[in-house]
Colleague: 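Submitted below is the structure of interest, expressed as structure tokens.
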Amino acid sequence: MLRNLRLKTFQPEEEYVYLTYSLKNDKKEESKILLENYRILLQKALDWLWERTKIERKEVKKGKKAITKVKITLPKKKEVYKELRDELEKINVLASHYVDKAINDAYSILKSWKRRAEKGQASLRKPTLRKVYVRVKSTLRKVEGESVRITIRPYEYVTFSWSHKWFSRRVKGLELGEPIIKEDKVYLSFRYKLPWSTPLDFLAIDSNLYTLDAYDGDKFITFSIKGLYSLKYGMQLKRGRVQSFASKHGKKGKELMKKYSHRERNRVLDYIHKFVNNLLEIYPLTLFAVEKLNKKEMFEDVNDSLSKKISRTVWRTIHRVIKYKAPLYGSFVKEVNPHLTSKSCPRCGWVSRKVGRTFHCERCGFTLDRQLNASLNIYLKMCGFPHIHERVWVGVIPLKGRKGMSGALPRYSGEAQGLRVDIKYYEIL
């Protein structure tokens, strides 16, 4: 028992970042053979597992209402794996390793469907396959210089090269992961080993419509994203005209809508990537704290005007790109719960019911801009100081060392005056 608790090494575990780039599939005929036959394997595995899946419905009383709960039981993989593999080998015309991949993908599809169905977010019908792609295992690919050779059948191969591509210099010396083959594109993921580093700075970010308001432990910084909001607003107006045209022109309208959707997504992502690159260059070796936002909940208690503005935001995409690129700069990202960050006092923990543009604490008199107050509270949550308990002094002071006070909270003590924050604004366009 004690032997299992011993440390084998004092060095931290190696961590990696996967950088993914896409190529145009110029071997469509060879890829078509692979995709069509793999689709047959995957559909057969899905049908076979579906026949052995059990769906149970139970009515549970919750107060005066009766709620129907669904319990789904999938066949255990260890018990049916050999039998299913033998069935798939009878119809397989590809390399044998694709059979194992089809079984794993079928289980992945059913597990994803099970999670959504038990929550009532999906129907209880068998999930259907739409566009099938193939993730090639390492045993089926061989890297030769700046190209990868993929086995389709024994002694039948297809080769994709990234030589002279725009990203070829970036991936030089990196290890290739599992390629993903689609009808029109091939995605190549390269593994980058992260250097060992310790964050030197901290930055807590509060996401708003036109700005990202941040606090770094010393000052407040305002990053302007009004250009991104304006881009989304203009795109939304143009999308309405394109949709009106597409509804009247059938296939031609659908192709135009698809083309425009790709253009909109690419322009937004281009803006976000450039913004995040500038942010990470300013703050390398930094621990970023961002809000774990849920836009669905935001639409519940807002009017139509605000809901339209919220729909134009891309906060989660910004957070995702920061999380993806931060390790390349020796930085890390931590998500915190945004609950009451703009309504609670960072000094004493008082939760105010009335919050306008400026937050004012009725207990200790702390006054600060609402958005800056939210970034300060996110910073405190990142540092592990939640705003709880009426008799515990949890606020700006614990940033330099935790302090507790018993009894009633002082309002005008010298210590409380020392908690005032010097506010400085830096707008980065």
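Everything numeric here is computed off the predicted structure, so don't read it as measured data. These numbers come from the heavy atoms of this one structure, side chains and all, not from hydrogens, waters or symmetry mates.
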Colleague: Identify the residue among His273, Lys274, Arg267 that makes a side chain to side chain donor-acceptor pair (under 3.5 Å) with Asp270.
Modeller: Lys274
Colleague: Are Asn277 and Glu281 close enough that a side-chain donor and a side-chain acceptor fall under 3.5 Å?
Modeller: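 Glu281 and Asn277 do not have a side-chain donor-acceptor pair below 3.5 Å.
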Colleague: Please round to the nearest 0.5 Å and tell me the distance separating atom CD1 of Ile152 and atom CG of Leu34.
Modeller: 5.5 Å
Colleague: On the ring face of Tyr16, is Arg191 found with NZ or CZ under 6.0 Å from the centre and within 45° of the axis?
Modeller: yes
Colleague: Rounded to the nearest 0.5 Å, how far does OG of Ser331 lie from CG of Leu285?
Modeller: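 It is 6.0 Å, given to the nearest 0.5 Å.
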Colleague: Looking only at side-chain N and O atoms, does Asn37 offer a donor or acceptor that is under 3.5 Å from a partner on Tyr98?
Modeller: no
Colleague: Roughly how far, to the nearest 0.5 Å, is CD1 of Ile322 from CG of Leu280?
Modeller: 6.5 Å
Colleague: With a cut-off of under 6.0 Å to the ring centre and 45° to the axis, is Lys77 in cation-pi contact with Tyr107?
Modeller: yes
Colleague: Any chance you could measure Ser261, atom OG, to Gln243, atom CD, to the nearest 0.5 Å?
Modeller: 8.0 Å
Colleague: Which pair of non-hydrogen atoms, one from Leu35 and one from Ile181, has the smallest distance, and what is that distance?
Modeller: CD2-O, 3.7 Å
Colleague: Assign the ring pair Phe288 / Tyr283 to parallel, tilted or perpendicular, where the plane angle (0 to 90°) is split at 30° and 60°.
Modeller: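 Aromatic pair Phe288/Tyr283 classed perpendicular.
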Colleague: In terms of side-chain geometry, is the basic nitrogen of Glu89 or Arg85 positioned less than 4.0 Å from the acidic oxygen of its partner?
Modeller: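 A salt bridge links Glu89 with Arg85.
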Colleague: Donor-acceptor pair, distance only, cut-off 3.5 Å: does the side chain of Ser112 make one with the backbone of Ile109?
Modeller: no
Colleague: Does Asp86 pair with Lys82 as a salt bridge, N-O distance under 4.0 Å?
Modeller: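 Yes.
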Colleague: Going by distance alone, is a donor N or O of one side chain under 3.5 Å from an acceptor N or O of the other, for Arg312 and Tyr229?
Modeller: yes
Colleague: To check you understand the geometry: which heavy-atom pair defines the closest contact between Thr211 and Ile225, and what is its length?
Modeller: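 Closest heavy-atom pair between Thr211 and Ile225: N-CG1, 3.6 Å.
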Colleague: Any side-chain heavy atom of Thr317 sitting closer than 4.5 Å to one from Arg320?
Modeller: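 Sidechains of Arg320 and Thr317: in contact.
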Colleague: Assess, by modelled atom type and distance only, whether the side chains of Arg316 and His319 contain a donor and an acceptor separated by less than 3.5 Å.
Modeller: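 Side-chain D/A pair, Arg316 to His319: absent.
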Colleague: Taking atom types as modelled, is there a side-chain donor on Asp206 or Tyr215 under 3.5 Å from an acceptor on the other?
Modeller: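 The criterion, which ignores hydrogens and geometry beyond distance, is not satisfied for Tyr215 and Asp206.
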